[in-house]
Amino acid sequence: MTREDGAQGAVDMLAAARSAQMLGESGSPGWIKLVAPAKVNLVLNVGDRLDSGYHRVSTILHALNLHDTVFMRRTAAPEGSGLSVIAEAKGRSGVSVPEIASADNLAAKAVALLARAIGRVEDERVEIRIDKRIPAQAGLGGGSSDAAAALVGACRLWGVDPSAREVRDAACEVGSDVAFFLQGGCAAFAGKGDEFVRSLCASKRPVVLVKPERGVSTVRAYQAFDADPALADGAVEAAFDEVGSADDVPLFNNLAPASEGLEPELSAVRRWLEGRCGAGRALLCGSGSCTFALCESFDEAVAVSVEARKRGWWSRATSLGPLKAAVVR
């Protein structure tokens with residue numbers, strides 16, 4: 001074991017201890033526990049800009065086994081106080097969490113939207129505690145996945161069918177990726193990225209994730225794309241329409257050149273990963289700033305991840321998988 005491995009192991013053990021302490025707090029009667037997986041876009045095909053300001057998007061998303069853990073419970077509130085939703089997030093395993101107001105947390109927003117949609121007016125308090133292992137502003141969908149998990153959790157707490165139209169409508173209003181996490185596994189979406197098209201056979205392939213410290217604003221990335229759009233060819237459209245298995249999907253992201261042009265280190269990360277995992281196996285996650293690479297084995301993913309951390313980048317070895325936002329306890 002290298003010094004770097006030992007240091008990372010110490011960090012992970014400390015994170016696990018802290019997580020266990022939080023689980024103790026959240027493990028009392030009334031709490032439920034959910035998983036909120038990360039995702040990568042195997043295909044991100046950005047098209048023309050719509051009148052709404054959004055872009056037409058066709059994408060194939062795949063869940064990862066890397067996930068946040070969400071704890072939820074509801075308690076009574078004073079008469080006449082109505083519904084309040086409180087969300088708290090804590091970073092684990094070296095992941096930092098931006099300081100945001102509880103009301104601005106996507107998980108809290110999702111629960112409030114669902115309550116309004118179903119006309120829930122009870123006096124109660126819904127508490128959400130999130131163990132964050134998915135880094136923010138990485139293109140991995142952590143906030144959207146937490147929101148999806150919160151919707152599933154609210155359905156469990158309130159006795160609502162999670163397949164109800166109101167749940168999906170709330171998901172789409174929060175953000176375009178939230179609907180995918182209700183589906184999970186591997187799936188194609190269209191429209192603004194929130195219209196389910198079809199499921200694909202999920203993969204179990206090992207993946208390494210690498211993220212430099214600096215990121216790219218999604219707004220700036222789309223502005224750069226609009227200034228010089230790199231539109232997809234017919235082969236990408238055919239893959240979107242015809243491929244049935246995640247293992248057969250050709251990696252594609254036509255937003256990546258815009259993001260890499262704004263932050264050159266993203267190009268350096270991709271080239272570095274291609275040098276270790278093979279040409280055509282590395283791709284930027286959404287607008288960034290994380291890049292993923294498909295690996296031949298989990299041992300390879302771990303080795304590349306260790307190398308990436310030595311270079312000062314955040315990195316994790318994980319794998320593609322069938323996860324979705326779901327109650328586990």
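None of Arg270, Arg214, Arg220 except one satisfies the salt bridge (Lys or Arg N to Asp or Glu O under 4.0 Å) rule with Glu263; the exception is Arg214. With Cys186 as the fixed residue, the side-chain contact (heavy atoms from CB on, under 4.5 Å) test singles out one of Leu61, Val249, Leu42, Leu320: Leu42.
Remark: side-chain polar atoms of Arg276 are paired, donor with acceptor, to backbone N or O of Trp272 under 3.5 angstrom. Of the possible polar contacts, one joining the Arg74 side chain to the Leu157 backbone as a donor-acceptor pair under 3.5 Å is found. Side-chain N or O atoms of Lys132 include none that pairs as donor or acceptor with a backbone N or O of Thr69 at under 3.5 Å. A distance-only check finds a donor-acceptor pair linking the side chain of Arg205 to the backbone of Cys295 [under 3.5 Å]. Checking side-chain atoms of Asp123 against main-chain N and O of Gly80 turns up a donor-acceptor pair under 3.5 Å. In this structure a side-chain-to-backbone donor-acceptor pair under 3.5 Å is missing from Asp248 to Val243.
Side-chain atoms of Ser163 and Asp161 include a donor-acceptor pair closer than 3.5 Å. No side-chain N or O of Trp313 forms a donor-acceptor pair with one of Glu307 less than 3.5 Å apart. Thr75 and Glu124 share no donor-acceptor pair across their side chains, judged by distance under 3.5 Å alone. Checking Thr218 against Ser287 by side-chain atom types alone, a donor-acceptor pair falls below 3.5 Å.
Considering CD1 of Ile134 and CG of Leu140, their distance stands at 7.0 Å, rounded to 0.5 Å. How far CD of Glu173 is from CG of Leu113: 4.5 Å, rounded to the nearest 0.5 Å. In this structure, OG in Ser259 is found 5.5 Å from CG in Leu284, a value given to the nearest 0.5 Å. Distance check: Leu251 CG to Leu44 CG gives 12.0 Å after rounding to the nearest 0.5 Å. With rounding to the nearest 0.5 Å, the separation of SG in Cys285 from CG in Asn253 is 9.0 Å. Once rounded to the nearest 0.5 Å, the distance linking SG of Cys290 with CH2 of Trp314 reads 5.5 Å.
Taking the side chain as every heavy atom from C-beta outward, Val328 and Leu34 never approach each other to under 4.5 Å. The shortest side-chain heavy-atom distance between Val160 and Ile118 falls under the 4.5 Å cut-off. The side-chain heavy atoms of Leu273 and Thr291, taken from C-beta on, include a pair separated by under 4.5 Å. In this structure the side chain of Asn45 reaches within 4.5 angstrom of the side chain of Glu237, judged on heavy atoms. By the 4.5 Å heavy-atom criterion applied to side chains, Ile100 and Asn105 are counted as neighbours. Using a 4.5 Å heavy-atom cutoff, the side chains of Ile128 and Phe71 are not in contact. Contact check for Lys33 versus Val327: no side-chain heavy atoms found under the 4.5 Å cut-off. Using a 4.5 Å heavy-atom threshold, the side chains of Glu265 and Pro212 count as touching.
Not counting sequence neighbours, the partners of Ser305 by the side chain to side chain donor-acceptor pair (under 3.5 Å) test are Arg309, Ser315.
The heavy-atom pair separating Ala110 from Ala147 by the smallest distance is CB-O, 3.8 Å. Nearest heavy atoms, Ala232 versus Phe252: CB-CZ, 3.7 Å. The two residues Ile60 and Ala188 have their closest heavy-atom pair at CG1-CB, 4.1 Å. Nearest heavy-atom pair across Phe181 and Ala148 is CB-CB, 3.5 Å. Between Ala87 and Ser102, the shortest heavy-atom distance links the atoms N-OG, 2.7 Å. Shortest non-hydrogen contact noted between Val85 and Ala112 is CG2-N, 4.4 Å.
More than 12 heavy-atom neighbours from other residues, nucleotides or ligands sit within 6.0 angstrom of CD on Glu122. Heavy-atom contacts from other residues, nucleotides or ligands closer than 6.0 Å to CD of Gln137 number 12 or fewer. Residue-environment remark: NZ (Lys324) stays at or below the threshold of 12 foreign heavy atoms within 6.0 Å.
Connection of Val269 to Phe292 is not established within any shared hydrophobic cluster, with ILVMFWY side chains joined at heavy-atom distances below 4.5 Å, either directly or through further cluster members. Transitive grouping of hydrophobic side chains (ILVMFWY, heavy atoms separated by less than 4.5 Å) keeps Phe189 and Val46 in distinct clusters. When the side chains of ILVMFWY residues are joined at heavy-atom separations under 4.5 Å, either directly or via intervening members, Val207 and Val304 end up in two distinct hydrophobic clusters. Placement of Ile86 and Trp31 in two distinct hydrophobic clusters is found when ILVMFWY residues are connected by side-chain heavy-atom separations under 4.5 Å, directly or transitively. Hydrophobic clustering (side-chain heavy atoms under 4.5 Å, transitive across Ile, Leu, Val, Met, Phe, Trp, Tyr) keeps Leu66 apart from Val208.
Pairs of residues two or more places apart, or lying in two chains, never qualify as salt bridge (Lys or Arg N to Asp or Glu O under 4.0 Å) while including a residue from residues 184-197.
We find that Arg49 and Asp226 are joined by a salt bridge, their nearest charged nitrogen and carboxylate oxygen being less than 4.0 Å apart. The residues Glu296 and Arg281 are annotated as salt-bridged, a charged nitrogen and a carboxylate oxygen being separated by less than 4.0 angstrom. Salt-bridge check for Arg133 with Asp68: failed, with every basic side-chain N at 4.0 Å or more from each acidic carboxylate O.
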Before giving the answer on side-chain contact (heavy atoms from CB on, under 4.5 Å), spell out for Phe240 and Val197 the whole-Å C-alpha distance, their side-chain angles and the decisive distance to 0.1 Å.
-> CA-CA 10 Å; Phe240 180 79; Val197 176; 4.2 Å; yes

Glu88/Ile130 under side-chain contact (heavy atoms from CB on, under 4.5 Å): CA gap, chis, key distance, verdict | CA-CA 6 Å; Glu88 175 189 13; Ile130 306 171; over 6 Å; no

Step by step, work out the side chain to side chain donor-acceptor pair (under 3.5 Å) result for Asn65 and Thr318.
-> CA-CA 6 Å; Asn65 286 324; Thr318 183; 5.2 Å; no

Passes side-chain contact (heavy atoms from CB on, under 4.5 Å), Arg125 versus Ser84? Steps please.
-> CA-CA 5 Å; Arg125 173 187 174 103; Ser84 62; 3.7 Å; yes

Check the pair Ser145 / Asp177 against side-chain contact (heavy atoms from CB on, under 4.5 Å), numbers first and verdict last.
-> CA-CA 8 Å; Ser145 188; Asp177 287 339; over 6 Å; no

List the steps and the verdict of side chain to side chain donor-acceptor pair (under 3.5 Å) for Asn41 and His62.
-> CA-CA 6 Å; Asn41 298 73; His62 205 305; over 6 Å; no

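Between His55 and Phe225, the two ring planes are perpendicular [angle over 60°; tilted spans 30° to 60°].
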